[in-house]
Participant: 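Shown below is the structure under consideration.
Throughout, a chain's letter reflects where its sequence line sits, starting with A, and its residues are numbered from 1. As the structure is a prediction and not an experimental result, all values here were calculated from the model. FYI, side chains are in, hydrogens and waters are out, and symmetry mates aren't considered; it's all heavy atoms of this structure.
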Amino acid sequence: MNTVYTKVEQIVGNVITVNASDVGYRELAQVTSTLGTSLAQVIRLEGGRVFLQVFAGSRGIATDAQVRFLGHPMQVPFSEALLGRIFTGSGVPRDAGPTLDHGMIEIAGPSVNPSKRIIPRRMVRTGIPMIDVFNTLVESQKLPIFSVAGEPYNPLLARIALQAEVDVIVLGGMGLKHDDYLFFRDTLEQQGSLSRTVMFVHTASDPVVECLMVPDLALAVAEKFALEKKRVLVLLTDMTNFSDALKEIAITMEQIPSNRGYPGDLYSQLAARYEKAVDFDAAGSITILAVTTMPGDDVTHPVPDNTGYITEGQFYLRNGRIEPFGSLSRLKQFVNGRTRDDHRTLMNVMIQIYAACKESREKRSMGFRMSAWDKKLLDYGDKFESGMMDLTVNIPLEQALELGWRILADCFEPAETGISTKLIDKFWPKGDRTQAPAATPAPVPVAAATR
Amino acid sequence: MNVHHGRVVGVNGNLVTAEFEQPVKQNEVTYVCIGDLRLKSELIRIRGRYAEMQVFEDTSGLRAGDAVEFTGELLSAELGPGLLGQVYDGLQNPLPQLAEECGFFLQRGRYLPALDRTRKWSFTPVATNGATVRSGDTLGTIPEGIFQHRVMVPFGLAGPLTVASIAHAGEVTVESVVARLRDAAGEERDVRVMQRWPVKVPIRAYQERLRPSEPLITKVRIVDTFFPVARGGTYCIPGPFGAGKTVLQQITSRNADVDIVIVAACGERAGEVVETLREFPELTDPRTGRSLMERTLIICNTSSMPVAAREASVYLGVTVAEYYRQMGLNVLLLADSTSRWAQALREVSGRLEEIPGEEAFPAYLESVIAAFYERGGVVRLRDGATGSVTIGGTVSPAGAKFEEPVTQATLKVVGAFHGLSRERSDARRYPAIHPLESWSKYASVVPSADVEHGRRMLRRGNDVGQMMKVVGEEGTSLDDFVVFLAAEYLDASYLQQDAYHDVDAATPAERQAHVYARIHGILRTPMKFPDKDAARRFFQRLTQATNDWNRTPWASPEFAAAERKIDAMVGEVAAVQVKQ
Ligand SMILES: Nc1ncnc2c1ncn2[C@@H]1O[C@H](COP(=O)(O)OP(=O)(O)OP(=O)(O)O)[C@@H](O)[C@H]1O
Ligand SMILES: [Mg+2]
């Protein structure tokens with residue numbers, strides 16, 4: 001089986017071709033060239049020819065490079081020893097720790113039988129009112145943060161990860177800036193969370209093929225932990241880089257692109273990863289929080305577009321805030337009926353009034369006269385933005401609901417909100433304008449980059 | 001045809017090329033073997049000595065030289081009692097039973113019979129010895145839940161046949177022989193309870209096709225009144241992500257006035273199917289008082305399941321629909337989303353290196369979509385009964401642009417278009433069907449002149465709204481402003497509907513006729529207001545009152561009281577009374 005082949009027939013992009021027999025589709029090989037040894041994966045069999053995608057890229061590969069087939073597809077070690085460790089997209093340690101080579105599991109395994117899934121029912125608390133109150137994150141949800149470059153999406157991810165009550169965090173970094181990688185590592189370490197974290201990191205300077213492996217490595221490990229009844233949070237940043245890697249490879253393979261250069265199977269490729277999010281019947285769960293940067297702030301760009309069709313909602317990060325419009329948690333109704341009986345009403349009413357405020361702002365900007373009602377709305381908008389939307393606010397759901405009532409009471413008469421008398425009687429703040437509850441500082445300061 | 005073998009020579013994703021020696025058949029089922037694993041595939045192109053197959057499973061580990069088994073049979077569905085209430089994958093494997101065997105994960109190469117071979121059914125003969133029958137005629141019946149399931153002469157048998165023998169009443173399994181039929185040449189063959197039918201071939205064992213004329217009540221007001229669907233008709237729901245396509249199909253699958261609903265979840269989220277899967281057994285069907293699951297079949301080939309089986313899943317759905325139509329039943333097939341199937345076609349086409357059409361979709365996309373929707377229809381069976389297959393498909397347009405190929409190809413062939421708009425879903429105006437862009441060729445549950453008037457109101461209201469954005473409220477005349485408010489009122493109190501409210505979620509046809517007549521009457525009432533604020537306040541109160549009315553049980557005292565309240569409110573502002 002371990003015959004070594006030493007005649008490379010063709011090198012195009014990162015794909016080399018050798019004539020070989022008894023090679024399995026998707027099998028791994030080691031390719032040794034002047035620049036060292038790299039893993040490669042079989043991506044096509046044609047007649048006696050075998051096409052291999054070289055993880056480290058084809059630079060420096062000689063026509064007499066050694067190609068040794070390993071007889072198995074891509075694997076990753078799995079054990080408790082993974083916790084606290086950091087690996088590359090080839091599964092090689094990036095930290096000073098030892099190489100792990102026992103308990104190997106295959107990546108990109110089969111999908112869960114839909115009849116073994118259950119309807120999710122646990123909320124993931126983040127301390128961020130725009131999430132907890134308005135777009136509640138639910139265990140087993142798959143949800144991307146849609147963002148333009150320059151927004152603080154990585155600090156936001158780190159913050160959610162640190163505050164979420166999960167057993168294991170798996171971070172998959174794709175095309176990560178080296179600084180961002182260090183930021184994640186140091187932040188998790190400072191907050192004492194590194195010991196429950198596994199990181200697979202591909203940085204912007206690493207070979208592009210390794211970028212493609214990151215989600216599969218991260219999710220295979222997550223799946224194993226979940227089967228051991230762990231609640232796992234997977235962070236994937238940035239899925240646009242992953243998609244761009246797919247694009248690059250599809251084009252070198254001369255595939256016909258479907259849309260702006262992206263391959264026709266972009267949807268299926270993304271779905272295969274996101275659908276790993278699951279709440280197992282009688283075991284743990286996988287929640288996926290991803291980042292999708294939107295080139296040109298364009299949500300119809302193929303990457304955010306295909307992502308939106310796959311995920312269970314999205315958070316729009318804009319100007320350092322999670323936008324109430326466009327952001328959506330499609331699973332929120334599974335949990336927000338059981339938090340507090342004012343949760344749903346407050347969630348709807350506060351957004352509706354905020355929408356009315358936006359209209360008033362628009363009218364104002366066009367020079368139309370502001371009525372007394374308009375002025376109330378404008379006042380409300382400012383209070384809502386600073387009290388609730390600001391990402392420095394870090395309070396538990398219950399306090400956020402209290403704060404919501406207080407903002408309403410500061411701006412309106414009860415009847416003006418359209419809230420039912422029953423809830424008004426129970427929750428409308430008595431007394432006059434009280435102080436907002438003190439917030440605990442966020443574990444990770446999330447501030448908009450200055451531009 | 002005998003099973004014979006070939007050898008794998010190429011693997012490119014799920015496209016496998018094999019060399020063969022004996023004759024092969026286009027679209028036959030083949031099995032690609034990795035050791036003991038046999039992966040189901042379909043032959044999709046033949047070139048010289050080479051057969052190209054799309055494998056319905058992950059092809060990892062496949063090697064050149066591996067065996068390929070040619071079966072000679074087209075991809076077929078098992079048809080018989082026991083289909084209802086099932087949850088199948090796109091290849092008709094029962095998923096709960098697979099889970100019992102394999103646990104949490106789907107295992108490639110594991111296939112189970114679609115119909116339970118051991119379950120006992122009670123058979124009653126209908127045909128008599130010596131009778132002349134043709135394909136599709138009833139030989140006997142079997143009670144299946146709330147239906148009389150017909151055991152029919154196999155659809156593939158040609159010409160008049162004579163019943164040589166027929167089984168007595170008694171217990172049978174799906175594999176029991178219940179009749180022997182003799183053809184003109186004197187040759188006899190056994191007929192079993194279950195038959196198999198190739199999914200890509202329409203079942204045509206009927207007298208004639210009729211024009212769809214009866215409305216299919218979905219209990220969604222904007223649909224039944226403004227953009228109706230007919231029994232035996234076809235419709236599509238294109239819309240950007242998150243606009244409400246799936247929710248609309250979910251409520252339709254619950255409330256639609258049909259005998260059987262087939263839900264084909266094609267390349268979408270597994271979680272959404274789980275909702276149906278877990279909730280339907282708990283819900284009662286108001287028509288029968290039995291569990292909704294008894295009239296439902298779920299076919300579930302979600303986005304991370306094998307891409308090639310997406311196509312099989314929609315064809316399986318429509319084949320089962322046609323089968324029950326042959327029993328004189330009205331069947332609704334809901335496919336979510338047809339775009340995922342089109343994308344699967346595109347993936348295969350790309351691997352075959354076919355010349356691509358627009359957005360790299362294959363050139364035959366249009367004809368494939370057209371042929372699929374053509375399988376909807378009302379038919380008169382040979383015994384005079386009618387049955388229907390209605391098809392509703394969602395479309396997920398890339399970039400939310402309806403100009404893209406899948407939406408356009410679908411619009412050419414369907415009878416109704418429910419276009420969802422991002423604007424409306426952002427404004428939480430659910431269901432987000434766009435009232436000015438959508439259309440239907442079928443008849444409404446309310447008189448068409450009244451619907452037309454409503455449409456005109458909506459259009460005028462929209463025009464005024466557009467104008468107001470430029471000139472502001474100040475620059476708009478009171479009359480125009482009232483038109484705007486009236487259109488908004490129609491929208492808020494009739495077009496919008498709360499999918500999560502027990503009563504409001506489902507409005508039966510009579511109630512729609514009654515409520516629409518009242519609202520239409522209000523829209524035609526000349527009204528007089530001192531100023532715009534007064535007009536706005538009036539319509540806000542009226543909207544509130546009508547929404548309350550929508551939430552009262554039909555024909556209850558509360559319903560009548562709420563209606564009187566609305567009448568009184570309108571009376572106060574009617575222009576005739578203010579005159580004095
Ligand atoms: N009729 C409705 N009433 C209330 N909320 C709705 C309604 N329709 C949709 N929604 C809201 O919108 C969300 C998305 O709806 P849905 O899943 O039907 O979208 P979709 O069009 O199928 O999207 P995709 O193309 O991504 O599958 C739902 O989770 C729900 O929160
Ligand atoms: Mg959907």
Side-chain angles (χ1 to χ4, degrees), chain A residues 21-27 44-48 73 109-120 140 227 255-259 263-265 267-268 271-272 274-276 278 280-281 283 300-302 305-306 308-310 312-314 325-326 328 330-331 333 348 352 355 363 366 368-369, chain B residues 8-13 17 58-65 87 95-96 98-99 102-108 240-242 267 269-271 273-275 277-279 300 302-305 307 337 340 343-344 346-347 350 353 356 359-361 396 398-401 426-428 472-474 500:
Chain A
S21 58
D22 208 25
V23 172
Y25 183 63
R26 295 247 170 253
E27 187 174 329
R44 187 166 182 171
L45 301 174
E46 194 183 85
S111 58
V112 172
N113 186 324
S115 69
K116 292 296 273 185
R117 289 175 179 258
I118 51 178
I119 298 182
S140 88
L227 287 170
Q255 282 180 25
I256 299 146
S258 69
N259 211 330
D265 65 355
Y267 174 87
S268 301
Y274 279 115
E275 281 282 310
K276 290 275 176 198
V278 64
F280 283 116
D281 198 353
T300 68
H301 180 278
D305 185 49
N306 278 289
Y309 278 117
I310 292 163
E312 290 154 336
Q314 63 279 332
F325 306 109
L328 173 72
R330 299 199 196 186
L331 303 188
Q333 67 272 14
N348 287 327
Q352 276 160 9
K363 276 198 262 174
M366 291 177 70
F368 295 125
R369 203 177 52 233
Chain B
V8 170
V9 295
V11 184
N12 179 12
T17 310
D58 175 25
T59 51
S60 295
L62 205 59
R63 289 156 196 268
V87 183
L95 287 169
L98 273 182
C102 311
F104 283 123
F105 297 95
L106 296 167
Q107 279 179 19
R108 59 181 181 164
F241 63 77
R269 303 170 187 83
V273 190
V274 177
E275 282 175 52
L277 220 75
R278 304 269 169 178
E279 285 171 1
C300 151
T302 55
S303 57
S304 63
M305 288 164 76
V307 172
S337 155
R340 305 303 164 220
Q343 288 178 342
R346 176 168 71 184
E347 283 183 32
E353 294 173 358
E359 288 185 20
F361 283 105
S396 316
K401 293 178 190 82
D426 276 352
R428 304 288 187 264
E473 222 172 278
E474 295 107 297
Y500 300 112

Participant: Is chain A contacted by the side chain of E275(B), its backbone, both, or neither, given a heavy-atom distance below 4.5 Å?
Facilitator: both

Participant: Taking every non-hydrogen pair under 4.5 Å, which of S268(A), A271(A), A272(A) racks up the most with chain B?
Facilitator: S268(A)

Participant: Shorter than 4.5 Å, heavy atoms on both sides: which option in I256(A), T300(A), L45(A) has the most such pairs with chain B?
Facilitator: L45(A)

Participant: Which of the residues T302(B), T17(B), L62(B) is involved in the greatest number of heavy-atom pairs with chain A at under 4.5 angstrom?
Facilitator: L62(B)

Participant: Could you have a look at E275(A), Q255(A), E46(A), E312(A) and say which one has the most heavy-atom pairs with chain B under 4.5 angstrom?
Facilitator: E275(A)

Participant: Report yes if some heavy atom in the side chain of Q352(A) is under 4.5 Å from a heavy atom in the side chain of R428(B); otherwise report no.
Facilitator: no

Participant: Can you say whether N348(A) sits under 4.5 Å from chain B via the side chain, the backbone, both, or neither, judging by heavy atoms?
Facilitator: neither

Participant: Heavy-atom cut-off 4.5 Å, strictly under: side chain, backbone, both or neither for D265(A) against chain B?
Facilitator: both

Participant: Report the option among G103(B), G350(B), S337(B) that has the most heavy-atom pairs separated by less than 4.5 Å from atoms of chain A.
Facilitator: G103(B)

Participant: Which bit of V273(B) comes within less than 4.5 Å of chain A, counting heavy atoms only: side chain, backbone, both or neither?
Facilitator: neither

Participant: Is it the backbone or the side chain of L331(A) that comes under 4.5 Å from a heavy atom of chain B, or both, or neither?
Facilitator: neither

Participant: Top residue by heavy-atom pair count (under 4.5 Å) with chain A, among E473(B), E359(B), R108(B)?
Facilitator: E359(B)

Participant: Please identify, among G242(B), S304(B), P240(B), A344(B), the residue contributing the most non-hydrogen atom pairs under 4.5 Å to chain A.
Facilitator: S304(B)

Participant: With chain A as the partner, which of C300(B), S396(B), A427(B) has the greatest number of non-hydrogen pairs under 4.5 Å?
Facilitator: S396(B)

Participant: Between Y309(A) and chain B, with a heavy-atom cut-off of 4.5 Å, which part of the residue counts as in contact: side chain, backbone, both or neither?
Facilitator: both

Participant: Quick check on V112(A) against chain B: is it the side chain, the backbone, both or neither that has a heavy atom closer than 4.5 Å?
Facilitator: both

Participant: Cation-pi between R269(B) and Y274(A): NZ/CZ under 6.0 Å from ring centre and within 45° of the ring axis?
Facilitator: no

Participant: Measuring from F368(A):CZ to E474(B):CD, what's the distance to the nearest 0.5 Å?
Facilitator: 6.0 Å

Participant: So, for S115(A) and A99(B), which heavy atoms are closest and what is the spacing to 0.1 Å?
Facilitator: OG-CB, 3.7 Å

Participant: Mind listing the closest non-hydrogen atom pair of L98(B) and N113(A) along with its distance?
Facilitator: CB-ND2, 3.8 Å

Participant: Would a distance-only check, ignoring hydrogens and angles, find a side-chain to backbone donor-acceptor pair under 3.5 Å from N12(B) to R44(A)?
Facilitator: no

Participant: Checking P263(A) against chain B: side chain, backbone, both or neither under 4.5 Å from a heavy atom?
Facilitator: neither

Participant: Heavy-atom pairs under 4.5 Å with chain B are the metric here; pick the option from S140(A), P110(A), A283(A), P302(A) that has the most.
Facilitator: P110(A)

Participant: Should R117(A) and L277(B) count as side-chain neighbours, where that means a heavy-atom distance under 4.5 Å?
Facilitator: no

Participant: Kindly determine whether V8(B) and Y25(A) satisfy side chain to side chain contact (heavy atoms under 4.5 Å, CB included), including the steps that lead there.
Facilitator: CA-CA 11 Å; V8(B) 170; Y25(A) 183 63; over 6 Å; no

Participant: Test your reading of the model: is there a side-chain donor-acceptor pair from R63(B) to the backbone of D22(A), 3.5 Å cut-off?
Facilitator: yes

Participant: Can you say whether I310(A) sits under 4.5 Å from chain B via the side chain, the backbone, both, or neither, judging by heavy atoms?
Facilitator: backbone

Participant: Below 4.5 Å, heavy atoms only, C-beta onward: do R330(A) and F241(B) meet side chain to side chain?
Facilitator: yes

Participant: Closest approach of M305(B) and S111(A), non-hydrogen atoms and distance?
Facilitator: CG-OG, 3.7 Å

Participant: Please classify the contact between A398(B) and chain A as side chain, backbone, both or neither, with a heavy-atom cut-off of under 4.5 Å.
Facilitator: both

Participant: Chain A heavy atoms under 4.5 Å from T59(B): which part of the residue, side chain, backbone, both or neither?
Facilitator: both

Participant: Please state whether the side chain, the backbone, both or neither of P114(A) comes within less than 4.5 Å of a heavy atom of chain B.
Facilitator: both

Participant: Keeping the roles fixed (side chain from Y500(B), backbone from Q333(A)), state whether a donor-acceptor pair exists under 3.5 Å.
Facilitator: no

Participant: Which atoms of Q107(B) come close to chain A, meaning under 4.5 Å heavy atom to heavy atom: side chain ones, backbone ones, both, or neither?
Facilitator: neither

Participant: Given the options D426(B), D58(B), V11(B), V274(B), which has more heavy-atom pairs under 4.5 Å with chain A than any of the others?
Facilitator: V11(B)

Participant: Please look at R340(B) and chain A and tell me whether the side chain, the backbone, both or neither of the residue comes under 4.5 angstrom of a heavy atom of that chain.
Facilitator: side chain

